[in-house]
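Comments concern the structure below.
Residue numbers begin at 1 in each chain, while the letters A, B, ... track the order of the sequences. Source: prediction; values computed, not measured.
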Protein chains: 2
Amino acid sequence: MSVRYQNRTLKAAGMTGIRRLAQHLDISIGTVSRALNGRPDVNEETRRKVLEAAAELGYVPNQSGRSLRQGTTNIIGFMMQTGTEITGQGDTFFMSVFDGVQTVFARHHLDLVALLCSSEEDPDDYLRRVVARGFADGLILSATQRHDARFEFLAKRKIPFVTLGRSLTDVGQPWLDLDFEGMAQISIDRLVARGHRRIAVTRPHDDINLGHLFVDQSAKALAAHGLTLDPDLVFSSKPNEAGGYHVAQQLLAKKDRPTAILLVNETIAIGFYRGLSEAGLKPGRDIAIIGRQSPQSHFLSPSLTGFTLSRRDLGIALAEALLATMPAFSHFYPDADLRKVWPEDLVEGESDAFSLPA
Amino acid sequence: MSVRYQNRTLKAAGMTGIRRLAQHLDISIGTVSRALNGRPDVNEETRRKVLEAAAELGYVPNQSGRSLRQGTTNIIGFMMQTGTEITGQGDTFFMSVFDGVQTVFARHHLDLVALLCSSEEDPDDYLRRVVARGFADGLILSATQRHDARFEFLAKRKIPFVTLGRSLTDVGQPWLDLDFEGMAQISIDRLVARGHRRIAVTRPHDDINLGHLFVDQSAKALAAHGLTLDPDLVFSSKPNEAGGYHVAQQLLAKKDRPTAILLVNETIAIGFYRGLSEAGLKPGRDIAIIGRQSPQSHFLSPSLTGFTLSRRDLGIALAEALLATMPAFSHFYPDADLRKVWPEDLVEGESDAFSLPA
DNA sequence: TCGATCACCGTAAACGTTTACGGTACTATG
DNA sequence: CATAGTACCGTAAACGTTTACGGTGATCGA
């Protein structure tokens with residue numbers, strides 16, 4: 001004899017979702033749901049049958065119904081802006097980070113999606129929409145501004161999030177960031193030891209926080225040697241190849257040209273090299289360069305001296321830091337690094353071989 | 001006197017969503033919903049008040065509730081795989097395409113998200129999950145395989161989708177693709193006119209369809225001149241810088257070295273250049289190269305002769321082709337290009353200057 | 001034999017929307 | 001004045017889940 005199904009008899013046609021599955025097995029939808037969700041109060045034999053039938057019929061719970069009921073989506077959003085001029089970071093960077101993030105998320109049946117904020121929309125507005133619509137259980141933010149309104153907005157609504165990059169706006173959220181202090185210190189020590197005194201640095205043209213950090217830490221590292229960072233030698237640029245090219249032009253136009261330069265990001269090195277070579281100058285012979293490695297920069301000549309990191313590991317750490325702050329998952333990551341500057345290794349190339357007589 | 005609200009009196013505390021808004025205005029939730037959704041049967045004065053209050057209280061309809069009821073999500077997914085080695089497309093290619101897609105979607109209140117399939121998960125399985133969960137109203141697929149099982153799967157379920165790249169699997173869906181025939185013909189004509197007879201081509205190492213197309217069309221263009229494509233001169237490579245470097249090494253190891261080469265994608269040029277220069281060879285002087293332009297390739301020296309396209313326009317066309325097949329939007333795009341090979345312009349550089357005596 | 005405990009399962013409410021349906025008050029028309 | 005029509009609005013069902021609650025039959029101990 002068949003059970004009845006919440007206002008519908010077995011004869012009712014066109015059943016969908018969990019009802020169809022329950023009908024097929026002639027048990028109630030409650031039991032099906034419990035079986036699928038791994039609840040303890042269901043017979044193991046029943047559970048086996050349910051899982052089997054689910055696989056057979058290709059049943060996957062409807063996300064809308066599920067999240068409407070639970071208030072949870074099993075989705076984590078990685079917010080990023082489209083339009084290359086703004087993001088700067090080539091997308092292979094994020095693709096590698098994503099891969100790390102997902103190896104962690106997969107363990108918890110969480111899905112990662114990239115929330116693409118159009119370059120024509122205000123990021124704050126976009127975030128507001130995403131949150132109000134109840135789109136994701138947690139967020140990963142990048143391209144953090146020096147003062148970032150998104151932080152307070154999320155904190156007020158108690159949305160778990162982690163950021164790739166610190167900010168002066170601190171609401172207690174976890175973050176990961178690059179070790180600008182370490183990079184600046186190693187770079188400056190190395191250049192000063194080779195006799196350099198006039199050292200230039202680059203920074204992104206916008207108010208992204210890493211620019212401030214990079215300049216500040218470079219100045220600090222110079223101060224340790226009794227040197228000061230000449231404001232005239234801080235070059236702003238778009239974080240892409242064209243930006244690097246432009247920096248080279250600006251630098252070459254200076255009367256008292258610096259003998260060394262620190263490049264803040266991976267992509268500008270390519271344009272900078274080109275700018276130099278058009279003027280007949282050669283990295284490592286006429287000027288010392290320390291930058292950051294990327295898949296592209298491996299093919300520069302002379303080879304670039306620069307810092308490198310595992311993007312995949314960075315993604316893993318990012319995911320763990322986020323989950324550590326989410327009540328449902330925190331017990332899995334009792335001692336995750338909630339705030340960490342990510343160490344980078346210096347790969348020695350030829351671009352900083354240029355040294356000055358003592 | 002206040003209205004009652006579907007089993008709840010005004011005194012009920014903790015109202016959320018549309019109920020809270022209705023309570024605030026002292027009207028029914030039905031009217032609020034109608035007002036917000038632009039239904040005709042609502043007083044304009046009422047509508048004004050509702051919109052005002054919604055803005056004031058920051059109300060945004062809950063996505064789960066809405067899509068559960070309507071069976072629609074207002075989300076379009078762009079499926080891509082994480083892990084740089086697989087996606088291949090270096091740099092900011094997709095970010096630019098996205099920007100174009102979104103300018104179209106924004107007009108219809110559709111949101112674009114990138115569905116990130118982990119490199120550890122089978123793309124077909126991933127797609128199955130996404131569809132069954134009812135995640136998106138439509139999909140954009142890229143990295144189309146020569147035979148792509150995803151097409152049939154989506155067609156069977158009547159999920160609207162468009163692909164960036166043709167496939168032998170044709171289920172009648174719209175697609176956009178690069179004009180390999182045009183590119184091959186222009187390139188080959190140009191090289192043959194400069195006396196080249198042994199011309200090499202590259203192709204991606206996997207079964208992605210564009211590789212087959214590129215090789216086939218190149219062979220066809222050669223045949224028009226009475227030449228054949230030597231299978232020994234078809235080089236497979238990963239679609240990144242390292243792949244290009246590897247191709248150079250393979251090519252240089254050949255006894256009867258080709259005098260010209262066509263590079264299938266944007267990123268490999270950088271590695272290929274490097275491979276040549278390490279062997280003391282120079283593009284345009286010792287071998288003729290025709291490739292594809294990218295933000296990076298602008299900084300190659302000697303300058304690359306290559307094809308270029310507007311990625312943003314490509315994104316716009318992609319979005320329009322998709323919407324043209326979705327019943328709710330098709331009337332906006334009565335004469336969209338449903339299947340189109342995208343023309344590319346040839347930018348003349350120095351890399352193909354090398355010519356042979358007649 | 002009789003409660004009590006237990007394992008398992010069915011019932012129905014609830015999540016936040018949208019929308020078909022019907023109702024009410026007002027206007028127009030004869 | 002009666003009727004029809006109109007403009008607007010409230011009601012409640014429905015979407016597909018999850019889960020608190022209660023119910024049933026079996027087992028077990030005294």
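Side-chain atoms of B:Arg69 and base atoms of C:dT17 include no donor and acceptor less than 3.5 Å apart. In terms of polar N and O atoms assigned as donor or acceptor, the side chain of B:Arg34 comes within less than 3.5 Å of the base of D:dG10 in a complementary pairing.
Between A:Asp41 and A:Arg39, no side-chain nitrogen of the basic residue sits less than 4.0 Å from a carboxylate oxygen of the acidic one, so the salt-bridge criterion is not met. For B:Arg48 and B:Glu52, the salt-bridge test passes: some basic side-chain N is under 4.0 Å from an acidic carboxylate O.
When the side-chain nitrogen and oxygen atoms of A:Ser64 are compared with OP1 and OP2 of D:dG16, none of them lie within a distance under 4.0 Å. Side-chain N/O atoms of B:Ser33 include one lying less than 4.0 angstrom from OP1 or OP2 on C:dT18. For B:Asn37, a side-chain nitrogen or oxygen approaches OP1 or OP2 of C:dT18 to under 4.0 Å. Look at A:Ser28 and you'll find a side-chain N or O under 4.0 angstrom from OP1 or OP2 of C:dG10. Distances shorter than 4.0 Å separate some side-chain N or O of A:Tyr59 from OP1 or OP2 on D:dT17.
Among the heavy atoms of the strands lying under 4.0 Å from A:Gly30 is at least one base atom, whether or not backbone atoms are also near. Contacts of A:Thr46 with the nucleic acid, taken as non-hydrogen atoms under 4.0 Å apart, involve only primed sugar atoms and P, OP1 or OP2.
A rotation axis mapping the C1' atoms of four pairs onto the next four is fitted at both ends of the helix from C:dT1-D:dA30 to C:dG30-D:dC1 over five pairs, and the angle between these axes is 60° to 10 degrees.
Checking A:Gln70 against B:Asn43, the closest nucleotide of DNA chain D that is more toward the 5' end is the one next to B:Asn43.
Taking the six-membered ring wherever Trp is involved, the centroid distance between the rings of A:His108 and A:Tyr333 falls below 6.0 Å.
Across the protein-nucleic acid pair, A:Leu68 atom CG and D:dT18 atom P stand 11 Å apart, rounded to whole Å.
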